[in-house]
Each structure stands twice: as structure tokens, then as C-alpha cells.
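For reference, the structure is listed below as C-alpha cells.
A, B, ... follow the sequence lines: proteins, then strands. Residue 1 opens every chain. Computed over heavy atoms, backbone and side chain alike; hydrogens, waters and symmetry mates excluded.
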There are 2 protein chains.
Amino acid sequence: MGKVNIKSIAAALNLSPATVSRALNDSYEIKKETKERVLAYAAEHDYRPNPFAKHLKTGKTNLIGVVIPFLSSPFFLEFIDELYKAVLPQHYTLIPFQTQNCEKIEKEALDFLIRQHVAGIIISPAHENSNTELLKHIHHHTCPVILFDRIQHDLDTYKIGIHNSLETYNATEELIRKGRTKIALLCGKDIGNTKDRIRGYKNALHNYAIPFREEYVIHADYQDPAENIDNELKEVFNKLNDTDKMPNAIVGGTDTLSIKILGVLTNLNLTVPEDVAVIGFTNTNLANYLNPALSTIRQPTQEMAGLALELLLALIDKDHDRRDLTYKNFLLQATTTYRKSTDI
Amino acid sequence: MGKVNIKSIAAALNLSPATVSRALNDSYEIKKETKERVLAYAAEHDYRPNPFAKHLKTGKTNLIGVVIPFLSSPFFLEFIDELYKAVLPQHYTLIPFQTQNCEKIEKEALDFLIRQHVAGIIISPAHENSNTELLKHIHHHTCPVILFDRIQHDLDTYKIGIHNSLETYNATEELIRKGRTKIALLCGKDIGNTKDRIRGYKNALHNYAIPFREEYVIHADYQDPAENIDNELKEVFNKLNDTDKMPNAIVGGTDTLSIKILGVLTNLNLTVPEDVAVIGFTNTNLANYLNPALSTIRQPTQEMAGLALELLLALIDKDHDRRDLTYKNFLLQATTTYRKSTDI
DNA sequence: TTGTAAGCGTTATCAT
DNA sequence: ATGATAACGCTTACAA
């Protein structure tokens, strides 16, 4: 099993390595016949270009770094999944990383990706403006960076997300229309898009003249391990229940929270949707299998991933100074599906 | 921002590149003082070795390929997650791949990984004996391969899994003890470990003198897109229901099925666990939040991932002919948790 | 203890 | 249309 490389092909076909290289890269300088000979031989002997040598020479890799908070969140999982599908026909490889919403881990991930000489990075930051300076430096001097989902960040680049305030407004409004007024909003603490969601929530209340109650905006700290979040949720709702302030509707502002809250309510012997209606931002396929089936606001992960990749590849190809470019925010359309959990 | 590499460090410190390289690699030949000078300079200028050049020279990469059927299955997701954690302190990078249970996609993934010159591969095969020849060839001539979870495969290497027949026996027995006799087994079609699970299921029935009924072993085809599986499940259970053969207990043999079946039963207006008790092989953290909370048989993903990595790294380091080694199967202990769904 | 030089598999620049 | 040669950044005999 002698290694087959450009040199061995050249020797076998009585050509120079340079010619073989050019033939393989379909250079216009090489005549058709030679190209065919080389390609045939290469195929027959299962030649595979060495990506390391290639990179060493060209300075370019086919690696794309993906930095997300959690893989255990249905939304991010789905996004990565779609990214995998989108990247397959292109000749790029994904290197995914999780930050656990921790800025320090995020920094390590970014350092690692730089060391691997990735061609570009797609990231949903751990926090609003986490690693801002580092990300700016990378985007300006090393490789292009694209933001998605958590797009409240000072890095000036393409940003892909949904219209959080509008979607939250609509969900809240729907609950109001169904006669609920004691509406709580569950959100992640210190996450980029929380602000927008609160804004939409407040606007809806305001437009229907429902007084805003501070205790109905519930922040869960996402850096906690899962068990802490569970306890946090239970505690908050136990307290609301004890003090007779239990909301009769909940908008789940993040993926995992929206599902967990169903369990918490069950433990309190509250029935969904009769006692408490629930709708959540979440991309889980399981929504339909939960009991009751969960109403969801679903982000268009396929579209998001496709667009992220497209924009990133464009930036990789073009060799402009990335500080001079004018970037755009892409706010895509979410899909809200009303199921049993809001069927009042 | 001139690139800092071994050459530039050498020039700055009036040393030869070779000395710098040796100093960075902590070679015994270099005197302490020189090492310190080099290390200090490297740290100050944020030197990062170019992994591509390194590989080109040494023929070794720090890449580990991971091939799994689905990322959307809680078990595989958790496994990958644990693998990420385990690999972090080692200096390796994971390249995960999904096969969708399709042998052809699996082949493509393996080809890709070979082209990337991965140092080793951890795989849960698409099918019993999928890509056997290719995997043998890789393991013998290219890089070590380790199997996990679906370990019914002719490749002779380390295999890591659980004792499927025993675990299924125990779950079935528990349902029998609780008085259920019409017990169905939900399993994936053509997946390596299905056989063992059926065996455990049959043994339990047999030991309690409960007649085995063919129609209670339900195979779901996992290559189908999600919607098809949903419909398949619905159809099967509708039919059982119509013909008055509805089981009063179900052992969910795979991850996703165990969760989906809850939704299917709800649609049939059947109550869990009163009408039908359910227990499933699944690693989802959501089990506790489902309604009712799902009894689960949980695989020890952390232990599995740690062991897989440890064994793989050992094979990578050692340069034996891998055909001559004697391998072992590791059957780890699963954890069964009984919750509401079997609380009869 | 350090330096010199060759080479890993490519591609780019020249020359022919 | 093709060939010769150097170079990418690193490691490793071999020399000193």
C-alpha cells in the first residue's frame, strides 16, 4: 500500500509534479488529454490530496469553527445539524464547540480554533458582548466571524436571528386574547436576546392596558448546572404559588426552560392549559409528544444555517479588509404553532 | 502583525530553528536557560505551532473522528458531549459525523475522516456489520477504530456497551411483577443491539410462563425521516387498539421511540401508566419533565466516553500491528430509574 | 549543547 | 503545455 501522492502519480505517468498538480486542479494550461490521464490514474489509485500540505502551502484550511452555548439545547442542536447538511456539498469541515454560557470557556474555544487555522467562525456568544475585543481582533485580522441567534453584540459583522421582540409580542398577545392576564415571562439571565423579548412582552401588556409586574419576569441563570436551574424554577414557582400570585400563563423565553416548566407545573398539581397556559421559544421535535403538546415559537434553523454558511463563505473568498465592509442584520421569520398547551 | 513562527523566534533570539523547536518540545538536549528564553519569548509573542506543518512532518494529527447514527438521539448526544469533555485536557480535536443509520453515508464519513488523516475513530455503526471490510481495512492499515453502543460487528477491536439482554430482561421482569402480561417491545430495525434486547425480553416472558406474541415485537425503521416513524408508530398502535390487542406495558428499546410513544398513547386516549406502563432505554434529561415522568434505563455515557477515549489513545500511542492484539468487550452498568410511567 | 540541512506533499513562480 | 525549483513551518538525523 505505497502512499499515492502527486509525486508518485507524476513518476507513474512520466510527468512532473507541477503538471499533475495543475491537472488535478483543472488548470486551463493543461491539455485535455493529460488531464484525463491524470484524473483517471488518480481515481483508480484512490488518490487523496493531503489537506495539511495543501494548507501549509496556500495558508487556507477547509475548517469552520462553530461556537455555541449548549449542544443540549434543541435549537442549537438543530442549527448544528442543519449546518452539517449545508456544509457537506461544500468542501468544509465543522469543528463545533460548546461554551456552557461561560465567557472563559468561550475564549479557550476561540483560541483553539485560531490555532487550528479555521477559515471562519460562526458563533452565538455566551453573553451579550462576551469576548468582544477578541472577536473583533479575530474578525479583523484572522478570519471572518458571523453571529447568529444571540446577536446583541458589538462586533460589526453579519448577524442572523429572528425578530425577538415581535415574536414575543405576538405570543403574549395571543395569551391575552385568550383571556389570560397574569402572564409570566421566563428568560435566560444575561443572554443577548433577553432584552428584546422583554421589550415585546412589555409592549403587549401595555397595549392591552395590563399592568407590568416585576415578579413575572423570571430570570434563570444558565451557567448553573442543570439541577440548579431545576431547583431555581421550582423555588420561584412554589413561592408564587404560596403567595397566591401564580400566573395563569407563561411565555417560555428559552429552549430548555419551556420544556422544564411543564414538569414544574405538574409537580405543583397545576394543569396545563386549564390552570396555566404555556407557550415557548423552542425547536424541539418532541413538542408534539409532550403532555400536553407544547405550543412553540420555532426558529428557522435550516434557513439560518444556510444563510450563515453562505455569508461566511462569501467573506472567506473575498479578501477585503473586513473593517471596511458594510454588514447587515438578517431577521428571519419564526413559525408559531399553537398546540394543546395554549388551547384554552 | 508579522507571523511568529519557529524561524522568527530563532532569528530574534540568535538561535537556530532546530534549537527553538527542541526547546519548545522540552528536549533533554537543550539547556535550561535556553529553554526558558525560548519559552518566555514564545509566550510573550503568543506563538502557536502550526499543526499542519507539524503533521506534514510527523505524519500524525490530533484529530479523532466520531461516527454516530444521530445527533438528535439523547444518548448519542450525551456521549459526544462527554467525549468533548474528556478530550479537552488531551490535545485532540473531535470531528463528529452522523450517518442517519445509512451505510452509504457512513462510508462517505469514513472516507472523509481518512482524508483528514485522523489519528483514530470511535464509531457506533449504522447497522450490524455495516462497512465491515472498510472498517477492518482502516483499523489494520490506517488508524485504530473503537466500537461503542452498537457492538455487534465483525471488526475485531475494543467494544464498549451495556449488557442489553440483561437490562431488557430486568425491565420486562419488573413490568411482569407489577402484574402486566401484555408487554410490547419497541425496537429499531436492523440495529446491532436489537437482537440482544429481544433475547432478554423473551427470556423474561419465558421465565414467567407468559406466551411470546410476535405482534408485540415492534420494529421501527430508523432510516425513515422522523415523520414516517411517527406515522408508523401511530399506525401500529391504532391497529393493535382497534383489534383489541393493545398491550398494557411497553419496553422502549431505543432512545427516541421511548419518548415518542408517550405522545402516540395520548392520542389514543390511553393513560400512562394506568392503561399502559412504559419504560425506555433513553438518556434524556427530560425524562423527569415528561408527563408522566418516564422510567428510564440509562447508559453510562460518561464512563463509556472516557473508556473509549482511553482505549483509543492507548492504541494510537502504541504502534503494534493491530491485527495481533487481543481485544476485550467492556459491558458497563446501566442505571434504571423507575418513575411515574411505571408506577402502577 | 547547538547548528546544518533535508524533507513531509503541496502549489506558485519562473523558465522552457 | 510542461518542467524545474523554491517555499510553506516544522522535526530530525547528522555534524560540530
(message) Listing request: all salt bridge (Lys or Arg N to Asp or Glu O under 4.0 Å) pairs with a residue in residues 127-148 of chain A, at least two apart in sequence or in separate chains.
(response) Glu128(A)-Lys195(A)
Atom pair distance, as rounded to whole Å: [atom1] in [X] and [atom2] in [N]:
| X | N | atom1 | atom2 | value |
| --- | --- | --- | --- | --- |
| Asp26(A) | dT11(C) | CG | C1' | 16 Å |
| Leu24(B) | dG9(D) | CG | C1' | 12 Å |
| Tyr28(B) | dT12(D) | OH | C1' | 11 Å |
| His55(A) | dA7(D) | NE2 | C1' | 14 Å |
| Asn14(A) | dG3(D) | CG | P | 8 Å |
| Arg22(A) | dT10(C) | CZ | P | 15 Å |
| Phe52(A) | dG7(C) | CZ | C1' | 18 Å |
| Arg48(B) | dC8(D) | CZ | P | 21 Å |

What I'd like to find out is whether the side chain of [X] reaches to under 4.5 Å of the side chain of [Y], using heavy atoms alone.
| X | Y | answer |
| --- | --- | --- |
| Phe148(A) | Leu83(A) | no |
| Phe330(A) | Glu303(A) | no |
| Leu313(B) | Tyr92(B) | yes |
| Val67(A) | Leu113(A) | yes |

Of all the nucleotides listed ([options]), which has the minimum atom distance to the side chain of [X]?
| X | options | value |
| --- | --- | --- |
| Lys54(B) | dT10(C), dT11(D), dG9(D) | dT11(D) |
| Leu15(B) | dT2(D), dA7(D), dG3(C) | dG3(C) |
| Ile30(B) | dA4(D), dC10(D), dT2(C) | dT2(C) |
| Asn50(B) | dG3(C), dC10(D), dC8(C) | dC10(D) |
| Leu56(B) | dT11(C), dT2(C), dG9(D) | dG9(D) |
| Lys31(A) | dA1(D), dT4(C), dG9(C) | dA1(D) |
| Thr19(A) | dT11(D), dT2(D), dT4(C) | dT2(D) |
| Ala18(B) | dT11(C), dT11(D), dT4(C) | dT4(C) |

(request) Would you mind checking if Arg48(A) and Asp111(B) are paired as a salt bridge, meaning a charged N to carboxylate O distance below 4.0 Å? (result) yes
(request) Identify the residue among Ile80(A), Ile68(A), Thr301(A) that makes a side chain to side chain contact (heavy atoms under 4.5 Å, CB included) with Phe75(A). (result) Thr301(A)
(message) What I want to check is whether an N or O donor and acceptor connect the side chain of Lys57(B) with the base of dG7(C) at under 3.5 Å.
(response) yes
OP1 or OP2 of [N] sitting under 4.0 Å from any side-chain N/O of [X]?
| X | N | value |
| --- | --- | --- |
| Tyr47(A) | dT10(C) | yes |
| Ser21(B) | dT11(D) | yes |
| Asn25(B) | dT11(D) | yes |
| Thr34(B) | dT2(C) | yes |

(request) Have a look at the helix from dT1(C)-dA16(D) to dT16(C)-dA1(D) and give the angle its two end axes make, five pairs each, rounded to 10 degrees. (result) 40°
(request) Would you please classify the geometry between the Phe52(B) ring and the Phe52(A) ring as parallel, tilted or perpendicular, with 30° and 60° separating the classes? (result) tilted
